[in-house]
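The structure appears right after this line, and notes come after that.
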Amino acid sequence: MKIGICSDHAGLDYKTRIISYLLSKGYDVCNFGTDSPESCDYPDFAHALAAAVESGEVDCGIALCGTGNGMAMTLNKHKGVRAGLAWGTAIAGLCKRHNNANVLVMPARFISYQMCTRCIRAWLTTPFEGGRHQRRVEKI
Ligand code: RB5
């Protein structure tokens, strides 16, 4: 599985560590930046990740900014993207189980790195339930 990842400056430290974590677990990772601690604009990186998800260049994505909201708002402008914001394992699993989120967004300034990896594990290992949730996802 190939996972795309992006952040702004607020999420850069976690993104760097998450890339190592994912590689150590055997995932392919495609990094869409930022790679600088300088202040930057999250849409520049969110749009790049979203385009890769939409085109199938990556199977799914992970995005981080300070609150997660800027990334989620930008990603969800893309028709082929369902970005879910998560700060705990239950909501991370549910954004896949109920919403079939193909991008997981996390608020780097509000959760620990350990919680990020736990959210990622929950999101990656939880299946989409389908059924009534499929109907609802189609209505998005
Ligand atoms: C950057 O200061 C911050 O605004 C950004 O990381 C994010 O929280 C925006 O939604």
Side-chain angles (χ1 to χ4, degrees):
M1 182 188 285
K2 192 169 187 177
I3 303 176
I5 189 165
C6 76
S7 75
D8 68 356
H9 53 285
L12 175 62
D13 175 51
Y14 284 4
K15 176 172 71 76
T16 305
R17 296 157 74 182
I18 289 167
I19 290 171
S20 301
Y21 167 78
L22 292 171
L23 291 172
S24 78
K25 299 289 178 194
Y27 294 101
D28 285 338
V29 182
C30 192
N31 177 17
F32 292 91
T34 183
D35 294 311
S36 161
E38 295 301 312
S39 180
C40 62
D41 299 338
Y42 55 80
D44 296 341
F45 308 97
H47 286 307
L49 173 61
V53 171
E54 284 187 307
S55 72
E57 180 188 342
V58 296
D59 298 299
C60 58
I62 294 170
L64 301 118
C65 65
T67 62
N69 277 317
M71 284 290 182
M73 289 177 189
T74 310
L75 288 156
N76 281 319
K77 292 287 182 189
H78 290 252
K79 205 172 176 190
V81 172
R82 289 175 306 280
L85 178 61
W87 54 91
T89 53
I91 201 163
L94 281 167
C95 80
K96 172 70 80 56
R97 188 179 301 284
H98 285 182
N99 313 112
N100 203 15
N102 55 8
V103 181
L104 177 67
V105 185
M106 292 173 290
R109 286 181 174 151
F110 293 88
I111 63 173
S112 66
Y113 169 71
Q114 285 71 23
M115 181 54 77
C116 281
T117 58
R118 291 175 61 200
C119 286
I120 291 167
R121 198 161 51 240
W123 171 67
L124 284 173
T125 59
T126 300
F128 176 48
E129 200 173 289
R132 69 188 188 281
H133 298 293
Q134 178 64 40
R135 185 182 70 242
R136 292 164 186 170
V137 165
E138 283 166 11
K139 287 186 177 182
I140 295 175

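In each ligand, atom 1 is the first atom listed, and ligand 1 is the first ligand listed. This chain uses plain numbering: 1 for the first residue, then up along the sequence.
Closest of all the heavy-atom pairs between Leu85 and Thr67 is CD1-O, 3.9 Å. Across all non-hydrogen atoms, the minimal contact from Pro107 to Trp87 is CG-CB, 4.2 Å. Of all the heavy atoms in Cys40 and Phe45, the pair that sits closest is SG-CE1, 3.6 Å. Of all heavy-atom pairs spanning Val53 and Gly80, the tightest one is CG1-O, 4.2 Å. Of all non-hydrogen atoms in Thr126 and Arg97, the two that sit nearest each other are CG2-NH2, 3.6 Å.
The shortest separation from a heavy atom of Met71 to ligand 1 is not under 4.0 Å, leaving the residue out of contact. Between His9 and ligand 1 there is a heavy-atom distance shorter than 4.0 Å.
Ring geometry for His133 versus His98: interplanar angle under 30°, hence parallel rather than tilted (30 to 60°).
From the protein, the heavy atom lying nearest to atom 5 (C) of ligand 1 is Asp8 OD2, 3.2 Å. The protein non-hydrogen atom at the shortest distance from atom 10 (O) of ligand 1 is Gly70 N, 2.9 Å. Scanning the protein for heavy atoms near atom 3 (C) of ligand 1, the closest one is Arg109 NH1, 3.9 Å. Looking only at protein heavy atoms, the nearest one to atom 9 (C) of ligand 1 is Tyr42 CE2, 3.5 Å. Residue, atom and distance of the protein heavy atom nearest to atom 8 (O) of ligand 1 are Thr67 N, 2.9 Å.
Residues Lys15 and Asn31 bring a donor and an acceptor atom of their side chains to less than 3.5 Å of each other.
Near Ala10, the atoms of ligand 1 lying under 4.0 angstrom from a non-hydrogen atom of the residue are 6 (O).
Checking only distances, Gly66 does come within under 3.5 Å of ligand 1, N or O to N or O.
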